[in-house]
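In what follows, every heavy atom counts, from backbone to side chain, and hydrogens, waters and symmetry copies are set aside. Model, not experiment: these values are computed from the prediction.
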Amino acid sequence: KMDIKQLKDLLSGKNTKLQILYTMFGDDLKSRIQKNIDSHMSIEEDKYLQPLQWKKEFNGGEVRISGYCSQYNLEKVTDARLHLYKIESREELDKKRHLLFKANVGGNITKPYDIYWQIKNNGTEAIEKDCIRGEIEKGKRVDEGTFRKRDYWIEQTSYTGKHWVKCYVIQNGCCVAESEKFWVVVK
């Protein structure tokens, strides 16, 4: 059984005994080892997740996340509004792109409510930069052009890895809806 350091050494070519196995079994083994590392890291990184501080009271409300990515490496997302394209969860994206996430609230939820967001980075780059995150933060209002008066969250694709975004609808001191994780895969 290999530990994470041995697995990382195998991927980097530092461990010659393990490199022989990689040479024998090729990309399939490398892929399986990377998945193993990712799963070990995800377990370790869960300690960074902030727990939800509101009582859950789901009564027919729902929230889904829509994701958008800038086509180009731009300074501000608001400058890119004409260059955004819709992305799907788990879609592979390049680094240095701006992301915009929208909370689509439905069901029987009526205004007023607040949207809170949780962003979770995974992978060695995020760990090395001390940017795992996992905190829950109140959504920001983006008052630019077509984004006026809607709840959005803006991010960048800074670290290689499989990251996720989640949102919560908070109303009258309770969490009335929780989204599925929207996965962002940065290559």
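What you find for I136 and P51 is that their closest heavy atoms are CD1-O, 3.9 Å. When all heavy atoms of K138 and D114 are compared, the pair lying nearest together is CE-OD1, 3.4 Å. Between G107 and E62, the shortest heavy-atom contact is N-CG, 3.9 Å. Looking at every heavy atom in both residues, A103 comes nearest to V63 through CB-CG2, 4.0 Å.
At least one side-chain heavy atom of K166 sits less than 4.5 Å from a side-chain heavy atom of E178. F101 places none of its side-chain heavy atoms less than 4.5 Å from the side chain of Y68. Side chains of W117 and V165 form a contact here, defined as non-hydrogen atoms less than 4.5 Å apart. Side-chain contact check for W164 versus Q118: some heavy-atom pair is nearer than 4.5 Å. Side-chain contact between V169 and C175 is absent, with no heavy-atom pair separated by less than 4.5 Å.
Counting non-hydrogen atoms of neighbouring residues, nucleotides and ligands closer than 6.0 angstrom, the CD atom of E135 exceeds 12 such neighbours. Residue-environment remark: NZ (K55) stays at or below the threshold of 12 foreign heavy atoms within 6.0 Å. By the 6.0 Å contact criterion, CG on D94 is enclosed, its count of non-hydrogen atoms from other residues, nucleotides or ligands being greater than 12. Summarising the local packing, NZ of K187 is surrounded by more than 12 heavy atoms from other residues, nucleotides or ligands at distances under 6.0 Å.
Of the residues listed (K120, R133, R97), the one engaging E155 in a salt bridge (Lys or Arg N to Asp or Glu O under 4.0 Å) is R133, and it is the only one. With W54 as reference, Y116 is the one residue of Y116, Y168, Y113 to meet the ring-ring contact (aromatic ring centres under 6.0 Å, His included) rule.
Under a 4.0 Å N-O distance rule, the pair E125/K95 qualifies as a salt bridge.
Rounded to the nearest 0.5 angstrom, L99 CG and S70 OG are separated by 7.0 Å.
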